[in-house]
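Counting from 1, the numbers follow the sequence of the chain as shown.
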Amino acid sequence: MKQFNINNLIRENIKMLKPYSSARDEYKELTENMVFLDANENPFQNGVNRYPDPQQHKVKAQLSKLKNVAPENILLGNGSDEVLDLIFRAFCEPNKDTIITLPPTYGMYYVLANINAVANIRVELNSNFEPQVDQILKSATSQSKLLFLCSPNNPTANSFSAKNIEKLVSSFKGIVVIDEAYIDFSNNESWISRLADFPNLIVTQTLSKAYGMAGIRLGVCYASKEIISILNRVKPPYNVNELTQLKALERLLKPEDVSEEINRIITQRDWLISELKKNELVKIVYASDANFILVKVDEASKRYSQLIEKGIVVRNRTSQPLCENCLRFTVGTQQENLKLIKALKDLAGC
Ligand SMILES: *Cc1c(COP(=O)(O)O)cnc(C)c1O
């Protein structure tokens, strides 16, 4: 194992930072008969008149049980987007440090790099949509703080090989962020089971996709206690609101409902793949480990507009590297998927 010291990666100002502390943090054990006159809240009960739990203890306890990860290894955010932004702000010095991304991939990494004034080194995936490990490691410098691996990857829908990921996590000198937004649609094991092996690993997940809760905005970050405590210093104290915590907990207490929906989506995905392969407009249907399918068609922009005219909105990815003439289809309900297949059949017929 290489020498790893997280202190060498944190921004100087964050090392010095004292987080905002609310009085409520200090008295949480005594909540039963306490009178709270500390936070200038309205005292009349309506379910949301109090500030939410800044550490989301109940949600984390349930996640901890489901994922077999201790609560001190978990941080929650207002969507993964907030979690990713916190990671930039904790580790990347603006106008100095860099990140590495592997296009084609999730657009938020570029947006966050721009917002945080952090240069982005792009190393394209190879033609099998796998990371080019040697090239990635060669292009890293001592300023390269973060490497983003999205697996299963958006928009290509494949999971990266475990061998490539392991090589990158064990050789890259900065922090490797594995974005597992789509992990629940894959048969591969999550990298959260390897957190203890890699002190430079952050795994992010979300309730937006498989858990069916994009509207509540809840992102999850799993990492070493050291990394989590750094991110806790940077996060706004009440970043996950009370309604989100209640809704998330309700859902997490019924994991069998979530599994059932995932199974239905996977069944529909496999049906869509077999139907798409029969269509003449379709040149390649890429394998999918996610709840969407990347498809190369004859003329993506034309087909995209024609689908819009038929009332179906898909994602045109043709301008992305390696994605020329590609459309991305999210797996919908059976009825929605039938409508898509019928529309594509009609377009192929004329
Ligand atoms: C959809 C998606 C997310 C989810 O982001 P949230 O902010 O949690 O909704 C994260 N990463 C990738 C790659 C995604 O496609």
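- For the 3.5 Å distance criterion, the side chains of N158 and T156 qualify, holding a donor opposite an acceptor.
- Side chains of S144 and T98: a donor on one and an acceptor on the other come within 3.5 Å.
- Heavy atoms from other residues, nucleotides or ligands lying under 6.0 Å from NZ of K296 number more than 12.
- If you check the side chains of N49 and E41, you find no donor sitting under 3.5 Å from an acceptor.
- Summarising the geometry of G174 relative to F4, their closest heavy-atom pair is O-CE1, 4.4 Å, with the distance given to 0.1 Å.
- Remark: L168 CG to D134 CG distance equals 9.0 Å, nearest 0.5 Å.
- E336 has no carboxylate O lying under 4.0 Å from a charged side-chain N of K339, or vice versa, which leaves the two without a salt bridge.
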Set out, in order, the CA-CA distance, both residues' side-chain angles and the distance that settles side chain to side chain contact (heavy atoms under 4.5 Å, CB included) for R194 and E166, then state yes or no.
CA-CA 10 Å; R194 304 292 305 277; E166 176 137 9; 3.2 Å; yes

Begin from the C-alpha positions of S224 and L195 and carry the test side chain to side chain contact (heavy atoms under 4.5 Å, CB included) through to its verdict.
CA-CA 7 Å; S224 70; L195 283 175; over 6 Å; no

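- Across R50, H57, Q56, a single residue satisfies side-chain hydrogen bond (donor to acceptor under 3.5 Å, both in side chains) together with D53, and that is H57.
- Side chain of N200 to backbone of K173: no donor-acceptor contact under 3.5 angstrom is found.
- Between R303 and D298, at least one side-chain N (NZ, or NE/NH1/NH2) sits under 4.0 Å from a carboxylate O, which counts as a salt bridge.
- Put simply, the side chain of D289 reaches to within 4.5 Å of the side chain of N188, judged on heavy atoms.
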Output, in order, the C-alpha distance, side-chain angles, deciding distance and verdict of side chain to side chain contact (heavy atoms under 4.5 Å, CB included) for T105 and L149.
CA-CA 9 Å; T105 192; L149 304 181; over 6 Å; no

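- No side-chain donor-acceptor contact under 3.5 Å links E82 to the backbone of G77.
- Nearest heavy-atom pair across V59 and A248 is CG1-CB, 4.5 Å.
- Side chains of N153 and Y106: a donor-acceptor N/O pair is absent below 3.5 angstrom, by distance only.
- Counting only distance, with no hydrogens or angles, the side chain of R251 and the backbone of M213 share no donor-acceptor pair below 3.5 Å.
- Contact record, V69 with Y222: CG1-CD2, 3.9 Å, taken as the closest heavy-atom pair.
- With rounding to the nearest 0.5 angstrom, the CG atom of L252 is 11.5 Å from the OG atom of S64.
- Defined by atom type and a distance below 3.5 Å, a donor-acceptor pair is missing between the side-chain atoms of D184 and Q205.
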One pair to check against side chain to side chain contact (heavy atoms under 4.5 Å, CB included): L102 and F148. What are the steps and the verdict?
CA-CA 7 Å; L102 316 182; F148 286 93; over 6 Å; no

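- More than 12 non-hydrogen atoms from other residues, nucleotides or ligands lie less than 6.0 angstrom from NZ of K283.
- Here NZ of K145 is found 9.0 Å from CD1 of I10. Values are rounded to the nearest 0.5 Å.
- Side-chain polar atoms of Q55 and K60 form a donor-acceptor pair below 3.5 angstrom.
- Across all their heavy atoms, L125 and P131 have their closest contact at CD2-N, 3.7 Å.
- Across all their heavy atoms, A223 and L201 have their closest contact at CB-O, 3.7 Å.
- Electrostatic pairing of K96 and E93 does not count as a salt bridge here, judged by no charged N lying under 4.0 Å from a carboxylate O.
- Rounding to the nearest 0.5 Å places CD of E280 at 12.0 Å from NZ of K345.
- Under the 4.0 Å criterion applied to side-chain N and carboxylate O atoms, R11 and D97 are not assigned as salt-bridge partners.
- No salt bridge links E250 with K254; every basic N to acidic carboxylate O contact stays at or beyond 4.0 Å.
- Side-chain contact annotation: E180 with S190, donor-acceptor N/O pair under 3.5 Å present.
- A ring-centre distance under 6.0 Å is not found for F160 and F129.
- Using a 3.5 Å distance cut-off with no hydrogens or angles, the side chains of R217 and N241 do not pair a donor with an acceptor.
- By the neighbour-count criterion of 12 heavy atoms within 6.0 Å, atom CG of N187 is sparsely surrounded, having that number or fewer from other residues, nucleotides or ligands.
- A140 and F172 get closest at one heavy-atom pair: CB-CE1, 3.8 Å.
- Proximity of a side-chain donor or acceptor of T244 to a complementary backbone N or O of I216 within less than 3.5 Å is detected.
- Salt bridge R89/D85: present, at least one basic N to carboxylate O contact under 4.0 Å.
- Using modelled atom types, no side-chain atom of N316 and backbone atom of Y304 make a donor-acceptor pair closer than 3.5 Å.
- With N116 contributing its side chain and V118 its backbone, the two residues share no donor-acceptor pair below 3.5 Å.
- The environment of E72 atom CD is dense: over 12 non-hydrogen atoms of other residues, nucleotides or ligands sit within 6.0 angstrom.
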Apply the test salt bridge (charged side-chain N to carboxylate O under 4.0 Å, His left out) to residues E261 and K209: give CA-CA distance (whole Å), side-chain angles for both, the deciding distance (0.1 Å), then the verdict.
CA-CA 11 Å; E261 287 185 8; K209 307 288 158 64; over 6 Å; no

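- For the residue pair N325 / E299, no side-chain donor-acceptor distance below 3.5 Å is found, with atom types taken as modelled.
- No more than 12 heavy atoms of other residues, nucleotides or ligands shown are found within 6.0 angstrom of NZ on K277.
- Under a cut-off of 6.0 angstrom, the local environment of NZ in K225 is sparse, with at most 12 non-hydrogen atoms contributed by other residues, nucleotides or ligands.
- The closest donor-acceptor contact from the side chain of S305 to the backbone of S301 lies under 3.5 Å.
- Here the CG atom belonging to L86 is positioned 12.0 Å from the OG1 atom belonging to T204, to the nearest 0.5 angstrom.
- With Y109 as the partner, the side-chain hydrogen bond (donor to acceptor under 3.5 Å, both in side chains) test is satisfied by one option alone out of D179, T101, N120: D179.
- Using a 4.0 Å cut-off between charged nitrogen and carboxylate oxygen, E275 and R269 do not count as a salt-bridge pair.
- Within a 6.0 Å radius of CG in N68, other residues, nucleotides and ligands contribute 12 heavy atoms or fewer.
- Remark: the N164 side chain and the E130 side chain contain an N/O donor-acceptor pair separated by less than 3.5 Å.
- A 6.0 Å sphere centred on NZ of K58 holds no more than 12 heavy atoms belonging to other residues, nucleotides or ligands.
- For F36 and Y51, the distance between ring centers is not under 6.0 angstrom.
- In this structure, V331 and F292 have side chains that are not in contact, with every pair of non-hydrogen atoms separated by 4.5 Å or more.
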